[in-house]
Protein chains: 2
Amino acid sequence: MRIDDASTLTRPSADPAPVPAQPASAPPAPAPPREPGVVTVEKTLAILEAVAERGGATAREVSEALGFPLPTVYRLLQALVQSDYLVHLTGQHRFELGYKLDRLGVSLHRQIGIPTSVRTEIGRLHTLSQTAAYFAVYRGADVVVAYVVDSPDHPRLTPLNFGFHEATHATAFGKIMLAGMSSEQRDQYLDVHELTRLTATTKTRRQDLYAELAQVATSGVAWEIEEFVPGMTCAAVGVRNGAGMIIGSVAISAPSAELSERRQRDIERHLRDASNQVSRYYRSGALRRANTATL
Amino acid sequence: MRIDDASTLTRPSADPAPVPAQPASAPPAPAPPREPGVVTVEKTLAILEAVAERGGATAREVSEALGFPLPTVYRLLQALVQSDYLVHLTGQHRFELGYKLDRLGVSLHRQIGIPTSVRTEIGRLHTLSQTAAYFAVYRGADVVVAYVVDSPDHPRLTPLNFGFHEATHATAFGKIMLAGMSSEQRDQYLDVHELTRLTATTKTRRQDLYAELAQVATSGVAWEIEEFVPGMTCAAVGVRNGAGMIIGSVAISAPSAELSERRQRDIERHLRDASNQVSRYYRSGALRRANTATL
DNA sequence: TGAGCGTTCTCGCAGAGTGAGAACGCCGGG
DNA sequence: CCCGGCGTTCTCACTCTGCGAGAACGCTCA
């Protein structure tokens, strides 16, 4: 059973900034797209990430990659080393990631807080249904992937790593969560999140989406057939707390080609079983943070 | 928490610089101990860690905990949110950790890079010997815990988490690694790292330590009996690469009381077995980064 | 209705961060 | 042996950035 590795760089969601075309000229001040923010902090974090991406780097590499002058890079590198976000491998003349990042990662997982019983249940879902298996929860106003179990034979959908929280309209667990919101919450949510087209069959009109959500609400199961990634299908069932509110969702993904009608029925059954088990956990006490997802 | 370099030595706590006459000002703060560094960055990271420690926090909590004025805290919080190191749960008026921290944690683990075959071997060591099991490697000039397998019945020693790299003189795997260094490397290492007393039996004199290291080098196994944590004993065996150099170490920890002579023999056997298996992996190709530990 | 909190803005000042440049030690190659 | 290149640290004067008191706005609760 693997926890979570993989995950590489995802394209930074390019904001629709005006002036997308930088005229190649103007070496002086082409005014980068970025909003103000605290410049020093942004530079520092950029350096940290540069070191992370290339699995360690020399100061010069960072300087060239980011276009920051060398003295600045050294200064900020040292600040990061001092706080244990980086280590300086003096022998190898390299900077690599520091151990605080592990501790922070652990803290993050603790904040999301998926109990072991739920983890094993998702593991069972993976084994029984022979698919990648997911657990998603509300976090604040977002819907986020909180746990994944997959295997070489049944790998996760590449973007669906821990922390994924986009494309709610185009994922099975996203539909479950949208269907679980009050209509005002849903409207507000969709006012902020566009119905981006991802494949030929992605539902990009609210009308269509609402119609499906109504159906999801009654049937209790959401399917998503190649609306997110071509050739792949997902399915999900909601998880409810003691008050009957949807607080999360168990889900699977599999190649569409492998899904005979019979297999679909089996999967639905496994999803409902898993949902029941997980819901049972959340019904019995232990509902830690207020999951009422105020939006 | 590092104790290393000389920079601390150069600056006496209260520097009696020329111009001692401060213009009558400064009745309040006599300037805290901290060395310069990039102030903004330090503040920002302090905020990040404050949020991590308390599992999410409001801006005001952070402000009070760290003594930074509110507008500053908000500004830096936003910088962190913008870079995905924090999320702002607007519904709950809280800031919590962001998903980039997971990605950075994963990158760190990838940089340390313990292959799965080694992981399973440490798992087996845990099961067979019925103890917490560890794998440690050189990283730059340091010796760091790279992987741990434990269980409720056989928990790890509390400080021995991933990333632990102190007290080399008082841990079994540390002794293995010290024994594996050239004498110049060892001397240099010990010039920088004090032989801190941790328990009544910690070896704090180089003499004593060197004597034991010589014995470790010949026997191939290091024991550490309550020199690190009272009541707990550790043992370790080295892992060698194709060139015969020590590049890591497998280790276990257990309560001293549970270690009959027979059990000690069993544990030594299991450690040697594990070491052989792991060494085999590092012998066959795959010796990625130059582990020659230049110091 | 008002107090308290979360959150964002404004704005003038001070000082922090900046970055060209030089310096130092170390290495490997000519 | 000396030179050139690299990693690393320091200096220093200038400027622009981050600072933080304070006020403002909206919300929730009593």
Side-chain angles (χ1 to χ4, degrees), chain A residues 27-29 31-32 34-47 51 56-82 86-96 140-141 184 188 290 292 294-295, chain B residues 4-8 10-11 22-23 25-26 28-29 31 34-47 51 56-82 86-96 140-141 188 290 292 294-295:
Chain A
R34 194 83 181 212
E35 274 299 299
V38 184
V39 174
T40 309
V41 171
E42 276 167 11
K43 281 188 189 166
T44 307
L45 299 181
I47 288 178
V51 173
T58 67
R60 170 158 312 190
E61 280 169 16
V62 173
S63 161
E64 282 168 4
L66 301 177
F68 301 159
L70 245 190
T72 302
V73 170
Y74 269 108
R75 201 175 325 121
L76 299 181
L77 281 172
Q78 272 175 344
L80 287 166
V81 168
Q82 210 171 301
L86 291 179
V87 291
H88 188 189
L89 271 25
T90 32
Q92 289 170 115
H93 302 294
R94 296 167 56 76
F95 291 83
E96 292 198 357
E184 306 86 50
Q188 266 187 65
T292 30
T294 38
L295 178 49
Chain B
D4 59 348
D5 54 338
S7 64
T8 25
T10 49
R11 279 247 173 271
Q22 278 290 17
S25 67
R34 191 84 184 210
E35 273 300 299
V38 184
V39 175
T40 310
V41 171
E42 276 167 12
K43 281 188 191 169
T44 308
L45 299 181
I47 288 177
V51 173
T58 67
R60 170 159 311 188
E61 281 168 15
V62 173
S63 160
E64 282 167 5
L66 301 178
F68 302 158
L70 247 189
T72 302
V73 170
Y74 268 108
R75 202 178 318 123
L76 298 180
L77 281 171
Q78 272 176 344
L80 287 166
V81 168
Q82 211 172 301
L86 290 180
V87 292
H88 188 187
L89 271 25
T90 32
Q92 289 169 116
H93 301 294
R94 294 167 57 76
F95 291 83
E96 292 196 357
Q188 267 186 63
T292 30
T294 39
L295 180 48

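Chain identifiers are assigned alphabetically (A, B, ...) following the order of the sequence lines, protein sequences preceding nucleic acid strands; residue numbering begins at 1 within each chain.
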Could you give the [atom1]-to-[atom2] distance, from [X] to [N], as a whole number of Å?
{"X": "A:Glu64", "N": "D:dC6", "atom1": "CD", "atom2": "C1'", "answer": "12 Å"}
{"X": "A:Glu42", "N": "D:dT17", "atom1": "CD", "atom2": "C1'", "answer": "13 Å"}
{"X": "A:Leu66", "N": "C:dG19", "atom1": "CG", "atom2": "C1'", "answer": "16 Å"}
{"X": "A:Leu77", "N": "C:dG19", "atom1": "CG", "atom2": "P", "answer": "14 Å"}
{"X": "A:Ile47", "N": "C:dT18", "atom1": "CD1", "atom2": "C1'", "answer": "13 Å"}

Ignoring backbone atoms, establish whether [X] has a side-chain N or O less than 4.0 Å from OP1 or OP2 of [N].
{"X": "B:Thr40", "N": "C:dG17", "value": "yes"}
{"X": "A:Arg75", "N": "C:dG17", "value": "no"}
{"X": "A:Thr72", "N": "C:dT18", "value": "no"}

Close side-chain approach of A:Leu86 to A:Val51, heavy-atom, < 4.5 Å | yes

Quick one: pull up CG in B:Leu89 and CD in B:Glu96 and give me the separation to the nearest 0.5 Å.
->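 Between B:Leu89 CG and B:Glu96 CD, I get 5.0 Å after rounding to 0.5 Å.
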
Which atoms form the tightest heavy-atom contact between B:Val62 and B:Ala57, and what is the distance?
->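 Nearest heavy atoms, B:Val62 then B:Ala57: CG2-CB, 3.9 Å.
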
For A:His88 and A:Arg94, work out which heavy atoms get closest and say how close.
->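 So the minimum-distance heavy-atom pair works out to CD2-O, 3.4 Å.
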
Dump the pairs, protein N or O against N or O of nucleotides 22-25 of chain D, anything under 3.5 Å, distances to one decimal.
none

Give every pair of a protein N or O atom and an N or O atom of nucleotides 3-7 of chain C that lie under 3.5 Å apart, one pair per line with the distance.
| from | atom 1 | to | atom 2 | distance (Å) |
| --- | --- | --- | --- | --- |
| C:dG6 | OP2 | B:Arg60 | NE | 3.1 |
| C:dG6 | O3' | B:His93 | ND1 | 3.2 |
| C:dT7 | OP1 | B:His88 | NE2 | 2.6 |
| C:dT7 | OP2 | B:Tyr74 | OH | 3.1 |

Contacts under 3.5 angstrom, residues 65-81 of chain B side chains, donor-acceptor by atom type, not counting sequence neighbours:
none

Which is it for B:Val39 and B:Lys43 under the side chain to side chain contact (heavy atoms under 4.5 Å, CB included) test, yes or no, and what are the steps along the way?
-> CA-CA 6 Å; B:Val39 175; B:Lys43 281 188 191 169; 3.9 Å; yes

